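What you see is a predicted model, and the numbers here were worked out from it, not measured in a lab. Just so we're on the same page: letters track the sequence lines, and every chain starts at 1.
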Amino acid sequence: MSLTIYNSLSRKKEAFKPITEGEVKMYVCGPTVYDHAHVGHAKLYTSMDVIVRYLRHKGYRVTYVQNITDVGHILDTGEDRILKGARRDRIEPMQVVETYMRSYLDDMDALKNVRPDIMPRAAAHVPEQIEATQKLIELGHAYEANGSVYFDVKSWENYGRLSGRKIEDQESGGRIETRTEKRNPEDFALWKAAPPEHILQWGSPWGRGYPGWHIECTAMATKYLGETFDIHGGGLENMFPHNECEMAQSEAMTGKNYSNYWVLAGSLTIDGVKMSKSLGNSLRIADALKKYPAEVIRLFILSAHYRGPIDISDDAIAAAQKGWERLLGPYNQAQQMRSAGAAESDDSNIDAIIAETTANFTKEMDDDFNAPKAIAHLFDFVHKVNTILNGDAPVAASTLEKIIALYDELVEGVLGLVPSAAGNADENAADRQDGLIKLLIELRAAARINKDYATSDKIRDQLKELGVSLEDGKGDTKYRIAS
RNA sequence: GGCGACGUGGCCGAGUGGUUAGGCAGAGGCCUGCAAAGCCUUGUACAGCGGUUCGAACCCGCUCGUCGCCUCCA
């Protein structure tokens, strides 16, 4: 099986060939930590998470680097975002960074996104950024002006290659601020001179100042992954100017390709419109998680291709939740049948079903990580397994184990869609709960035999109110805990 | 104005030349004490107009529309 990836740089699907056989070096632009993360972040980082999980599933040794931007991302007012957050919250800049970085990590953990291997922080890599800036000056791709340093876009003919923009096109728009100290309006800052009152500042060969936004990714990616690495991930909306500038300065600095593959994810809208601070319609991840389990949000995100846009609405998520419950049905059922003891003989064709599902899943994921199509094959699997589990024939323990193994490997291992037992409660509590529910099921069964339907329905209705649904199958009754 | 993505059945959303996407919702049936879950059956969609082709949702052109970026946001 060979993996194909759509490369935003070539605008084509390409066979994936890592620099070193069996290894993948991957960098993803991380958040600027000056506010809580919203569901747009969830879309991007969950998409990247599944890519990393799948690469590892295929056996690649992945080094996953995602930065934390804690300095240098400047608002158009010239104000640093971190400082803006500090003023708003009336706390120190580094408190802003710590607060929102922890909040971001909490959100990502709750969404079950695996932690990157390295999460370098921009403010901790100022010397590296100064060094990169210096090198660009030496090579004639950057110049100093009044204590600031700018990248000279006209010195690098490949500028615009990633986003497909030409410098001339931008000039006609006339919307770029013309700074007299810049040689070209499109030149971007590698280093900014800081006025004395600016809280975040460092010493440099050009005086006190702070790094520009784009240079951090160049400095940190090349430090931890090398001058050329395999995959650069991020959001499509950051292709220009950020990724464009990042690539230009990196390749100008090293004379080598920066990232071999650019994997950029589509944006998220909410009720048809873009989420933005100014519209006040942003939905925090933490708030979304109060309404829906992490797995439902993941399935919702993964039900559209990562490169495409996605619109979040209550209806769409509710549909995802129903789909998720169906997806998990056989898993829950198999777990209960396993604990109840199972038949020995096995005349099901489970091996063929598993093999077919795995092959189809892999084929789709190999085709530019087509999770929605891979999930469609999982629903086919659900259908076939439901027929086995709910049929008249006894189901062998080995069959149950194979079903559960497929869920563990693909549904959870690659997609992260299986909830941990009993909502992370400790095992004793989960066992106790399981025993209590089964006791009630037994009492209800006895009542039903006696045609005491008042009692049996009372048990079922009250359990339902507690979030436990009873489902009568052939011979036995299973339960399902609402999420 | 420039760059880019896109417009699929009631809804969400795959699919890039000829063969079932899938999910949600809906309808009929089986099962059930009744439900639920599950199973069976059921949906002649591809923005519009031209063109290429034996054949197009898929290729080309034009038109209309939506969204993103160019300016703070992943």
Query - Of the listed nucleotides B/rA37, B/rC34, B/rG68, the one nearest the side chain of A/R444 - result: B/rC34

**Report entry** Closest to side chain of A/R326, choosing from B/rA74, B/rC39, B/rG15
**Finding:** B/rC39

Query raised in the report: For the base of B/rA35, is there a side-chain donor-acceptor partner from A/R460 under 3.5 Å away?
Result: yes

Query - Any donor-acceptor N/O pair under 3.5 Å between B/rA21 base and A/D380 side chain - result: no

Query - P gap between B/rG43 and B/rA35, integer Å - result: 26 Å

Could you tell me the Watson-Crick or G-U partner of [N], where both distances fall under 3.5 Å? Say none if there is no partner.
N      : value
B/rA45 : none
B/rA57 : none
B/rC67 : B/rG4

Report summary line: Heavy-atom contacts, protein to nucleotides 4-11 of chain B, under 4.0 Å, summarised as B (base), S (sugar-phosphate only) or - (none) per nt, yield S-------

Query raised in the report: Under 3.5 Å, is there a donor-acceptor pair between the A/Q335 and A/N332 side chains?
Result: no

Query - Cation-pi, A/Y6 ring and A/R307 (6.0 angstrom, 45 degrees) - result: yes

Query raised in the report: Heavy atoms under 4.0 Å, any strand shown: does A/L470 hit a base, just sugar-phosphate, or nothing?
Result: base

